[in-house]
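This report refers to the structure that appears directly beneath it.
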Amino acid sequence: MNGEWSLKELYSGYDDPRFAEDMAKLDELCARFADLAERPEGEPREIVRSFILLSEEIEALNINLGSYAGLRQAADTSDAESVSVMGRLMAKNSSLAAPDAKLRRYVASLDSLETVIASDPLLEEYSYLLKNIREDDRYMLDPGAEEIISKYSISGSAAWGDMQQYLTSTVEVDFGGEKTNLSDIRNKAYDPDPEVRKSAYEAELKCYEKIKDAVAFSLNSIKLEVLNRCRLKGYASPLDEALHNARMEKRTLDALMEAIDEYLPVFHGYMRAKARLLGHEGGLPWYDLFAPLGGSDRSFTAAEAGDFLTERFAGFDGELSAMVRRAFDEEWIDFYPRAGKAGGAFCSGIYTVKQSRILTNFDGSLSDVVTLAHELGHAFHNHNLYGNRIMNTDYSMPVAETASTFNETLIMKTVIKEEKDPVKRRALIESRLMDACQVICDIYSRYLFETAVFESRDEEFMFPDRLCSIMLDCQKKAYGDGLDENFMHPYMWLCKSHYYSGELSFYNFPYAFGGLLANGLYEKYEKDGAAFVPLYKKFLRATAVMSVEDAGRVAGTELTDPDFWRMSLEGFKRETEEFIALCS
Ligand SMILES: [Zn+2]
């Protein structure tokens, strides 16, 4: 195998006659869609049906055309033809925005919406989507005002966000007599040499001095814009808006945070044990949070990774294992790094052919195999959604990483079970706890920080010193005595891009939610065994047609109850105890 993915299921090339036909068809459908929005005449049921059916056809074409060009572009970022096709598709789709908004408003304004939905099996299948359109409309201003808000945000929050990104990606960092950049210096936190980790941390903190004032203006401005927009639109707070967009209830977030709060000392205990192992007294200095403790030196070919994953997943579910086999055998995966190929890893579902495509930069390490397991989890989520209608395949952010993290957990737990060498075993458990500590302690500190900034912003402009002091307070609450007080990270507000979006506030709790949900489901699987598996698959399918709470109920879990989150955290507690025992 050459290790590249196959796209012939979509088109044989840009000269494939079907490609030109589909592009032309998309234009025709866009025109019909605009026409419907202009003249929604006749019975409401017929208009809503036409809206749905046209949207479905447009979506299917967009998936075929967009997947083909987008995937070709990811595999070769210098593919000029793909770049231009993507641009043409974007232009076609942006012409849909105004008619789409009109039709949504039409749906939302129907007093008889419930009756209309109940009168038609197709519309009943889309009941969740249609009701969400109505819910979202409660926070929409008149179209003129919406347009002003969106235009002004381009030179407002979006520009302030670009500035943070520009400054953090171009700031020069002095390190060892040379100049480097922020992402390189932050990566040195994983360096095996303790001296490198410490001096990189010092160099990192120092470079923020050069850009902290500008970035503080950026943060203050974005947060004020969000506060004002939320007030205009009728949200009780930015958190209220974030929860609405996540289709999640406040009491679910409260239950999650209550349980995290109770279990923080478990993670502090883990950090202190890691600190002792590295020769520190008391808590762990920030620069050693990611210190590697050795671990697996296993190496895999792509084919071996395929056999390994197929076999291990078979212990959980035949359907998952069979899908993984297909992914390897039917060329769903683009494995190896190449010049011009996109970095990192992702999975993209192609509903129209009921398959997924996965891009990785596979180098043969165990962590690359775990990355594959992660992306195959997304593919399995897609696989379960292919039974739904085409527009019932989107899910909200908090559940987006459940299947991927669940797969990672399955594989890591198996690898840990199979590892007999106590030092390697300790390192493997530690790598899980290190991740968990980020998802729990660090995310908790970010949630506290963002809450504090929103609470203060109306009253005060926060200069860098003030932001640093809020950040340190939040880190003390979240990391407790797990961290060494003399080596914390006052500038975490500056380097994390998540705070710098006008559209997406509180881009932190979904990580804690997703990580603990996946672990909680794994704990449930440990307890209930095979009986859990069909519920898990039903849950994945439900994530696109229900709120997160209702989807949780499909899996037999109550996410508004802190006990579910406690069960998840108990799993990490047992791993922490094993880690501490292996340390002595
Ligand atoms: Zn993912």
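Atoms within a ligand are numbered from 1 in the order they appear, just like the ligands themselves. None of the values given here were measured: they were computed from a predicted structure.
Val266 meets the side-chain contact (heavy atoms from CB on, under 4.5 Å) test with Tyr263, Lys573, Thr576; sequence neighbours excluded. Remark: Gln165 engages no residue in a side chain to side chain donor-acceptor pair (under 3.5 Å) (not counting sequence neighbours).
Between the side chain of Asn519 and the backbone N or O of Leu569 there is no donor-acceptor pair closer than 3.5 Å.
For a distance bound of 2.8 Å, the N, O or S atoms of Cys347 include none lying that close to the Zn ion (ligand 1). Taking backbone and side-chain atoms together, Glu375 has no N/O/S atom less than 2.8 Å away from the Zn ion (ligand 1).
For the residue pair Tyr201 / Arg197, no side-chain donor-acceptor distance below 3.5 Å is found, with atom types taken as modelled.
Checked against the Zn ion (ligand 1), the N, O or S atom of Glu401 at the shortest distance is OE1. Minimum-distance N/O/S atom of His374 relative to the Zn ion (ligand 1): NE2.
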